[in-house]
Every structure is written in C-alpha cells, then in structure tokens.
Amino acid sequence: MMALNLHGVGDLRYEEVPRPERKPGEVLLKVKAVGICGSDIPRVFSKGTYHFPTIIGHEFAGEIVEAEDSALVGRGASVFPLLPCGHCEACNQEQYARCANYDYYGSRRDGAMAEYLAVKQENLCLLPEGVSYEEAAMSEPAAVALHAFRKSGVGQGDTLLIYGIGAIGLIVAQWAKAAGVKNIILVARTDDKVEFAKKLGFSLAINAKKEDLGKLVEKVTEGRGADTCIEGTGASESWAECICLAKPGGRVVCMGNPLGGMSLPQDTYWKILRKELTLVGTWNSSFGSRENDWREAVQAMQDKRLDLESLITHKFSLDEYKEAFALMHERRDMYCKVMFVM
Ligand SMILES: [Zn+2]
Ligand SMILES: [Zn+2]
C-alpha cells in the first residue's frame, strides 16, 4: 500500500510499504479521511517522531474491512489514537490522557496517512448513521475541544472568551453555542481568521492587534469580565490577556501548547491572586466508559450540534502531500482544517 512515511526531520516520503496485518484484538481499517494536525507540522519539519521511519497521522476515520466480529465489517469508525498502558493509576481511573506510559498512532507508532491501518478494537468510535468520513476524521479535535469546554464550566447566559481561532478554538465555540453560552468572543491576531469565524456565525470574533479586546469584553459583560477565558495559542501575551479579562472569581483554561517558556508580568500575576481566579489545564480527551468525549462528539455530528465540514478548508489526495504540508508550514493561504481524502 502507499503511505506517508517520515524517515527523518524534513524527510517525508510517499512510498510503498507493506500492508499492515491485523493482530488479535485489532481490526483493519481502510482509511477514508485523515486530517493534518497542527502538531504534525513540527513533527515533520523540526521535532520528528519517536523513531524513524513512522507513518504519521492521528486524526482519521475509515471503514472496517477485517475484524474478529463480522458485524463490524463495513462499519465506519474514527479511532482514539492513544494506546494506554492499562496498568497505571490514571488508566485505572480511565483517565487515559494522563497515562504515564502510553503509545500513540501517528507519533509513537504508525498512523493513518496510509491506505490501511490496523487498530485496537477497543479504540474504535463507531460512527452513527449520517456522519461522513470527513467530519468523522475530525473526531479527535472535536473531542479535544469538548474536553476543554467541559473544563470551562460555562453554560447558558455566560460569556466565554476563546483566544485562538484555529480548528480547536472554533469547535470549542460550536460546543459553547450548542450549550447556550450567551457571548462567545473569539480572538485572533489576523483578519483572515476573524473573517472566517464571522462567516461561521461568530459575530464577536475580533482581531486583538487592531481592535480593543478589553472594551469588547467590558461592553458585552457590562463591565463584569468574562466568566471563563480559554487560552488556545500557547503565547504568554494571550495568556496574560486571558487573566486580565476574566471576571473576579472566574476561570482561565490553559489549552494551547506553549511556544516556549510562559511568563507573566507582576501586575498580571497579581490579578490571579486578587481576583481569586481558577487556572485549569486541559489535555487531549476522555475515552472512558463513563466520560467519553468521542461518543459525545460523533453524536453531536449526527444531530448537527457540530458543523465540522465547514471547517475543512482544503482537501488533498495523499500523493499531493508536498502541497498540503507546505500550505500549513509556509502559511501559503488561510486554512482551518487541511485533510487528505481517499
Ligand atoms: Zn492532533
Ligand atoms: Zn497507563
């Protein structure tokens, strides 16, 4: 089969590799759609994977073509890409994202930018009727966004500020809208992202470089401040703004992967104390028997609480990988989700 195999930093090859064999407990998936995650860019161009070569790709959906349980054959599924150790304390609590010793499709072991992938049956998230492979390939970002949204604690009538208009930020905004959050303020530092968010119906999208974000928050909350701010960029400046714009007793959710060391001016740090803010981290998503962000995400795709297809700005076939990666790496165009469709 053909696959995108990473042989070293900057050395991604579209090449023939052996088709994976299904082991006991696994199903063979024919990959139908796989997104390029923001994290795949440093993976390919600067940081690499844990070993080489590795087939990358961890946001995907496909059709089950071989399984122990014949009832599964022909079904569509997305796949929780994390393979927990199963023995640590986090695993015992079904908090797999906190597992200390996990494996991962598409970074620690081969992933889905290939025609086929054998995956653990217990990692399948079966698709309900009417959910397309393309939207299902966004189950991972949708689950990550839901996980973050749950940590925000906001609900009907509240104000949520989301710093960062990428795919995750926009999906958090969709979860918030579905939950009846009154004011959803989306913040970016470029006009094209703001325009994209507005086109999706988020009228409170703002370019913080050009417009006064503080004034907007003051206006829509009548001076109270945002109930929760979600930092989704991993930059110190936006983290500081989130802390400044949260209401007294409010919350700041740290979601963005840090670009480097994170630091705060003294006055901003004081605001955490004086306003008695709650700072909370969010990581990955839940895939347990009780709390399962994935099942909720595919359900929301089916009942249209989420509109993920609008977020797919670019589609490519696997052999067009150079163009697809360059688009994101060199920011050749405004993009939200870039996806390989097979
Ligand atoms: Zn990802
Ligand atoms: Zn574990």
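Only a predicted model underlies this, so the values are computations on that prediction, with no experimental measurement involved. When a ligand or atom number is given, it counts from 1 through the structure's own listing order.
Here the Zn ion (ligand 2) is the vertex; the SG atom in C88 and the SG atom in C91 give an angle of 110° (to 10°). To the nearest 10 degrees, the Zn ion (ligand 2) sees SG of C99 and SG of C85 at an angle of 100°.
Atom CG of L318 and atom CE of M2 lie 8.0 Å apart (nearest 0.5 Å).
Residue contact annotation: H87 places no N/O/S atom under 2.8 Å from the Zn ion (ligand 2).
Of all non-hydrogen atoms in A197 and L186, the two that sit nearest each other are CB-CD1, 4.1 Å.
The pair E122-K120 fails the salt-bridge criterion, with no side-chain N (NZ, NE, NH1 or NH2) lying under 4.0 Å from an Asp/Glu carboxylate O.
Looking at K275, its side chain does come within 3.5 Å of a backbone N or O of C244 through a donor-acceptor pair.
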